[in-house]
Amino acid sequence: MKAKRVLVTGGAGFIPSNFVRHILEATPYEVVTLDALTYAGSMDNLAAVSGHERHSFVHGDIRDPNLVREVVAEVDVIVNAAAESHVEKSIQAGASEFVTTNVEGTQILLDAIRETPVERLILISSSEVYGSALYAPMDEEHPLNPRSPYAGTKAGADRLAYSYYVTYGLPIVIVRPFNNYGPSQHPEKVVPRFITQALSDEPLTIHGDGHASRDWVYVDDDAEAIESIIAADDRIDGEVINVATGIDISVSDIADMVLELVGKPSSLKVHVDERPGQVDRHIGSTEKAEKLLGWKARTSFEDGLERTISWYRDNEAWWRAPERRPADVFSS
């Protein structure tokens with residue numbers, strides 16, 4: 001039997017590059033990675049699969065219709081993870097790049113699979129589309145109340161993809177991961193930012209009083225969830241599925257845990273102004289993923305954080321590289 005060919009858009013980013021590595025290790029699938037290599041995407045993230053016989057890389061933009069049609073015509077499954085993904089950047093630098101990549105890029109991909117059908121398109125949406133929890137845990141029926149330009153564009157792509165399922169019958173599954181963390185995540189994000197700040201004896205800057213809480217998913221668990229969606233039968237087409245742990249931890253508590261594990265004093269915690277549009281609480285329901293996929297997160301936050309800290313200790317040159325310096329990014 002011919003192995004599936006899986007296209008991963010935005011595959012040099014944090015979550016998708018970990019998925020690429022996982023899927024090559026766990027399955028016989030062939031993987032095609034498409035990435036424009038913007039600030040969040042780096043070939044360093046794909047170093048573990050460099051030269052792998054079942055992996056190929058295409059340098060290109062999801063917003064290029066001709067290229068997308070050409071690549072889509074050669075694959076069986078698509079994992080669309082191409083996105084501008086940083087909340088603070090969308091607030092401070094404007095939303096235009098987020099609209100064109102997250103919404104228009106998704107539309108170009110959807111139109112391409114109308115021309116050349118595939119077995120399944122998995123859209124990596126975001127729990128940010130929910131906004132703050134109106135009830136907990138948030139299930140897939142929770143109202144969409146995006147609270148940042150980034151979240152607004154993810155909600156737009158999410159609903160656009162669903163409309164193509166309803167209107168054209170395309171085999172689409174929408175995944176809403178909660179906050180991922182793990183090795184090789186860009187230091188703009190809060191967990192690696194705290195870790196690298198602590199390792200550098202720099203202040204851990206916390207928006208507001210730090211009460212905002214999130215459901216934290218270790219990136220390898222997320223990869224396993226996506227793998228299970230590829231393998232699932234067509235009864236899940238048109239579904240929206242959370243990828244969550246069902247546990248939320250506050251930003252302030254994470255800072256405390258990082259400082260303790262790194263062996264640095266709590267005096268390094270520094271509070272700054274609250275972020276505009278702050279989401280107070282994110283905690284996801286795990287019931288649907290367990291029922292439809294048999295998937296449940298396996299990594300506790302404590303174990304995942306220890307593994308993540310260990311990686312940043314061992315890869316100082318990576319996170320100190322000029323393109324990843326905190327001064328060059330918007331803090332999370």
Side-chain angles (χ1 to χ4, degrees), residues 1-13 15-17 19-20 23-24 27-38 41 46 54-85 96-126 129 152-177 226-241:
M1 181 182 295
K2 179 178 175 291
K4 293 183 192 294
R5 296 196 83 207
V6 180
L7 169 64
V8 182
T9 68
I15 295 174
S17 65
F19 169 72
V20 168
I23 207 72
L24 288 170
T27 75
Y29 301 162
E30 298 176 13
V31 179
V32 179
T33 296
L34 172 68
D35 201 291
L37 299 178
T38 60
L46 295 169
R54 288 185 283 114
H55 178 255
S56 58
F57 178 79
V58 178
H59 184 197
D61 198 314
I62 192 177
R63 296 171 293 186
D64 181 341
N66 293 329
L67 175 63
V68 167
R69 282 196 295 268
E70 181 181 330
V71 175
V72 164
E74 300 297 325
V75 300
D76 305 302
V77 174
I78 301 168
V79 177
N80 180 25
E84 288 285 342
S85 62
S96 62
E97 286 289 315
F98 291 79
V99 172
T100 57
T101 299
N102 299 357
V103 182
E104 293 180 19
T106 298
Q107 171 251 311
I108 287 168
L109 195 59
L110 291 167
D111 285 339
I113 68 171
R114 286 185 63 202
E115 294 181 21
T116 309
V118 294
E119 293 177 16
R120 175 162 292 150
L121 185 149
I122 302 168
L123 175 70
I124 307 300
S125 182
S126 170
V129 303
T153 61
K154 292 299 284 188
D158 182 312
R159 294 298 81 196
L160 184 65
Y162 181 74
S163 76
Y164 273 61
Y165 162 75
V166 173
T167 303
Y168 305 112
L170 299 183
I172 292 167
V173 178
I174 297 161
V175 182
R176 293 178 182 156
I226 299 168
E227 178 194 354
S228 70
I229 292 170
I230 293 175
D233 62 35
D234 59 11
R235 286 177 293 182
I236 69 166
D237 288 346
E239 296 287 356
V240 176
I241 303 174

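The basis for the numbers below is simple: all heavy atoms, side chains too, and nothing from hydrogens, waters or symmetry mates. This chain uses plain numbering: 1 for the first residue, then up along the sequence.
- Side-chain contact between Gln107 and Pro65 is absent, with no heavy-atom pair separated by less than 4.5 Å.
- From Leu109, atom CG reaches atom CG of Leu7 across 7.0 Å, with rounding to the nearest 0.5 Å.
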side-chain contact (heavy atoms from CB on, under 4.5 Å) between Asn80 and Thr106: does it pass, once the steps are laid out? CA-CA 8 Å; Asn80 180 25; Thr106 298; 3.4 Å; yes

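- Under the salt bridge (charged side-chain N to carboxylate O under 4.0 Å, His left out) criterion, Glu119 pairs with Lys4, sequence neighbours left out.
- No salt bridge links Arg54 with Glu30; every basic N to acidic carboxylate O contact stays at or beyond 4.0 Å.
- Put simply, OG on Ser125 and CD1 on Ile241 are 12.5 Å apart, with the number rounded to the nearest 0.5 Å.
- Taking Arg63 as the reference, Asp61, Glu97 meet the salt bridge (charged side-chain N to carboxylate O under 4.0 Å, His left out) condition, with sequence neighbours excluded.
- Separation of atoms CD1 (Ile174) and OH (Tyr162) is listed at 8.0 Å; rounding is to 0.5 Å.
- Residues Leu110 and Tyr165 form no side-chain contact, since every pair of their non-hydrogen atoms from C-beta on lies 4.5 Å or further apart.
- The backbone N or O of Ala36 lies less than 3.5 Å from a partner atom in the side chain of His59, making a donor-acceptor pair.
- Summarising the geometry, atom CD belonging to Glu227 is positioned 4.5 Å from atom CD1 belonging to Ile23; distances are rounded to the nearest 0.5 Å.
- At a threshold of 4.5 Å between non-hydrogen side-chain atoms, the residues Phe57 and Leu46 count as touching.
- The shortest distance between side-chain heavy atoms of Val79 and Pro16 does not fall below 4.5 Å.
- In summary, the side chains of Glu70 and Asn66 do not present any donor paired with an acceptor at a separation below 3.5 Å, with no hydrogens or angles considered.
- Residues Asp76 and Arg120 are not paired through a salt bridge, judged by the lack of any N-O separation under 4.0 Å between the basic side chain and the carboxylate.
- At least one side-chain heavy atom of Asp111 sits less than 4.5 Å from a side-chain heavy atom of Tyr164.
- No side-chain heavy atom of Val77 sits under 4.5 Å from any side-chain heavy atom of Val75.
- In this structure, the separation between CG on Leu121 and CD1 on Ile172 is 5.5 Å, given to the nearest 0.5 Å.
- The CD1 atom of Ile229 sits 11.0 Å away from atom CG of Asp237, with the distance rounded to the nearest 0.5 Å.
- In this structure the side chain of Ile113 reaches within 4.5 angstrom of the side chain of Ile78, judged on heavy atoms.
- Using a 4.5 Å cut-off on side-chain heavy atoms (C-beta onward), Val173 and Leu123 make no contact.
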